[in-house]
Amino acid sequence: IGFSQSEGIVLTASISQDNFFGTGKKVALALKTSKANQHYEIAYNNPYYTVDGISRGFQLSYRSTDFDELDTADYKTSNGIAGGSFGIPLSEFERVDMGLRAHHIDLELGSNPAYEVEDWVDIEGRNFFNVEADVTWQHDSRDSAWFPTQGSLQKLGLELSNPGSKLKYYKLFYKHRHYWSLPSDWVFSVNGEVGYGDAYGSTSQLPIFENFYVGGPRSVRGFQSFSLGPRGSTGDPLGGNVRLIGNAELYLPPIFSPNMRILGFVDSGYVYDTKETDVRLENLRYSAGVGMSWLSPIGALSLSLAKPINPTEEDKKREEVFQFSIGTTF
């Protein structure tokens, strides 16, 4: 059981067997449910599909999202997904993951949708069947996955709906976080993320439910989750097809426990709709504050106190100086 300000109470459960019937394959069943999301998944993975360490997996999942409960535009999506994936190790620190999946989407408008959402539905429809492919390159040289003190994590990815799909679009993203070990057990970290998406062929624009969002504990603290960027006719965030995020964090030496970190940070970020406006760095929002991360006995706990530096009058309605979450996800 967990809690986040964007989703409320979050219930998660999973069961997995790493050596299913003595075959060395992993089979897992997991679920997550909250006021905004329901996610159910069955997964199978063979970590040594070949003697060279290539893995192969299959996934079957159902996910529904109520975007109105996330304080964004008023619509819901239901997604049924079936797919397979391969993982290819390139070196001690690098790997490439590739996947192909069949994806069925149902979209349901709420009682008060933004005009922009209604216009998109009028053009594209409400029910879609896509065949989607993705490929991700990852380089991970961190000395720890939980509390690294040095090394870096890089990810470069492409998601593409195939030409025969109902919705034709693509999304690119790049993430790079680096950690430096400083004297007396201090640690400094810098993170940068960029994302871009667009439609092609007969599709008019990136599907609204594939938009990027910024704001909240995982991007720009001090602002409500998903709140930064273009807004619709109802004043709710719509997201956009371009995302920029930057974070700088300074971690204090462990004081109370090796499983706890106290930090100071400066965040920046924004999303843009390039159909309506250019990408302008002066639109980036900034915040600064202090935070804590703790691997507690009841789950991962994170909290922050942040002060937005350059909010607009509209942003001030969605400020959250104190933010926290506790629990686990899958």
Check: Ser61 main-chain N/O paired with Asn79 side-chain donor or acceptor under 3.5 Å: no
NZ-CG distance between Lys76 and Leu107, expressed to the nearest 0.5 angstrom: 11.5 Å
ILVMFWY cluster, Val266 and Leu252 together (side-chain gap under 4.5 Å): no
Pairs where residues 286-315 contributes a residue and the test ring pair (Phe, Tyr, Trp, His ring centres under 6.0 Å) is met, not counting sequence neighbours: none
Ile255 atom CD1, neighbour heavy-atom count above 12 within 6.0 Å: yes
Side chain proximity check, Ile208 to Leu238, heavy atoms < 4.5 angstrom: no
ILVMFWY network linking Ile262 to Val290, side-chain heavy atoms under 4.5 angstrom: yes
Atom pair NE2/CG of His104 and Asn130 - distance to nearest 0.5 Å: 10.0 Å
Check: Leu167 main-chain N/O paired with Thr203 side-chain donor or acceptor under 3.5 Å: no
Joint cluster assignment, Phe212 & Phe223, ILVMFWY side-chain distance < 4.5 Å: yes
Val190 with Trp186, same ILVMFWY side-chain cluster at under 4.5 Å: yes
Pairwise side-chain hydrogen bond (donor to acceptor under 3.5 Å, both in side chains) hits with a residue in residues 82-93, at least two apart: Gln59-Ser85
Nearest heavy-atom neighbours spanning Ser78 and Tyr62: OG-OH, 3.5 Å
Short side-chain to backbone donor-acceptor contact, Ser55 and Gly87, under 3.5 Å: yes
Smallest separation among heavy atoms of Leu182 and Phe188, with atom names: CD1-CB, 3.9 Å
Verdict with supporting geometry, Val121 and Leu109, side chain to side chain contact (heavy atoms under 4.5 Å, CB included): CA-CA 9 Å; Val121 170; Leu109 293 178; 4.0 Å; yes
Residues clustering with Leu60 (ILVMFWY side chains joined when closer than 4.5 Å, directly or via others): none
Side chain Asp267, main chain Asn247, donor-acceptor under 3.5 Å: no
Closest heavy-atom pair and its distance - Leu70, Ala36: CD2-CB, 3.6 Å
Validation row: Leu244, Leu281 side chains within 4.5 angstrom (heavy atoms): yes
Residue pair Tyr270 / Leu228, side-chain heavy-atom distance below 4.5 Å: yes
Pairs touching residues 107-124 that satisfy side-chain hydrogen bond (donor to acceptor under 3.5 Å, both in side chains), sequence neighbours left out: Glu124-Ser204
Gln205 vs Tyr169, side-chain hydrogen bond (donor to acceptor under 3.5 Å, both in side chains): CA-CA, chis, key distance, verdict: CA-CA 8 Å; Gln205 67 183 73; Tyr169 69 93; over 6 Å; no
Verify same cluster id: Met98, Leu100 (apolar side-chain graph, 4.5 Å): no
Salt bridge (charged side-chain N to carboxylate O under 4.0 Å, His left out): pairs with one or both residues in residues 233-248, sequence neighbours excluded: Asp236-Arg318
Hydrophobic cluster of Tyr179, others only, ordered by chain and residue number, side-chain cut-off 4.5 Å: Val187, Tyr251, Leu263, Phe265
Between NE2 on residue His139 and CD on residue Gln154, distance to nearest 0.5 Å: 6.5 Å
Nearest atoms (heavy-atom pairs only) where Pro258 meets Pro254: CA-CB, 4.3 Å
Distance, nearest 0.5 Å, that separates OH of Tyr196 from CG of Leu172: 9.0 Å
Backbone of Ser293 reached by a side-chain donor or acceptor of Ser302 within 3.5 Å: no
Donor-acceptor contact below 3.5 Å, side chain Ser141 vs main chain Ser152: yes
Test side chain to side chain contact (heavy atoms under 4.5 Å, CB included) applied to Asp97 and Gln138, step by step: CA-CA 8 Å; Asp97 294 292; Gln138 175 176 296; 5.5 Å; no
Check against side chain to side chain contact (heavy atoms under 4.5 Å, CB included), Ile88 and Asp52: CA-CA 9 Å; Ile88 305 172; Asp52 299 319; over 6 Å; no
Polar side-chain atom of Asp278 near backbone of Arg280 as donor-acceptor pair, under 3.5 Å: no
Audit row: Leu305, Phe322, side chain to side chain contact (heavy atoms under 4.5 Å, CB included) steps and yes/no: CA-CA 5 Å; Leu305 288 170; Phe322 176 66; 3.8 Å; yes
Exceeds 12 heavy-atom contacts within 6.0 angstrom, atom CD1 of Ile9: no
Minimal non-hydrogen separation, Pro113 against Gly110, with atom names: CD-O, 3.3 Å
Atom pair OH (Tyr49) and NZ (Lys25), whose distance is rounded to the nearest 0.5 Å: 10.0 Å
Donor-acceptor under 3.5 Å (Glu319 side chain, Gly222 main chain): no
Under 3.5 Å: donor-acceptor pair, side chain of Thr72, backbone of Phe67: yes
Whether His178 and Trp180 hold their rings parallel, tilted or perpendicular, with breakpoints at 30° and 60°: tilted
Salt bridge (Lys or Arg N to Asp or Glu O under 4.0 Å) partners for Asp143, two or more places apart: none
Neighbour count >12 (heavy atoms, 6.0 Å) for atom NZ, Lys35: yes
Residues in salt bridge (Lys or Arg N to Asp or Glu O under 4.0 Å) contact with Arg231, at least two apart in sequence or another chain: Asp315
Set of salt bridge (Lys or Arg N to Asp or Glu O under 4.0 Å) partners for Asp74, sequence neighbours left out: none
Those residues that, when tested against Glu314, pass salt bridge (Lys or Arg N to Asp or Glu O under 4.0 Å) (two or more places apart): Lys317
Pairs satisfying salt bridge (charged side-chain N to carboxylate O under 4.0 Å, His left out), at least one member in residues 158-178, at least two apart: Arg101-Glu159, Lys171-Glu210, Lys175-Glu193, Arg177-Glu249
For Tyr213, ring-ring contact (aromatic ring centres under 6.0 Å, His included) partners two or more places apart: Phe226
Any donor-acceptor pair under 3.5 Å from Glu132 side chain to Gly99 backbone: no
Separation of Ser268 OG from Arg285 CZ (nearest 0.5 Å): 12.0 Å
OH/Tyr48: more than 12 non-hydrogen atoms of other groups inside 6.0 Å: no
Donor + acceptor pair across side chains of Thr149, Ser181 (<3.5 Å): no
For Asp71 against Pro237, the heavy-atom pair lying closest together: O-CD, 3.2 Å
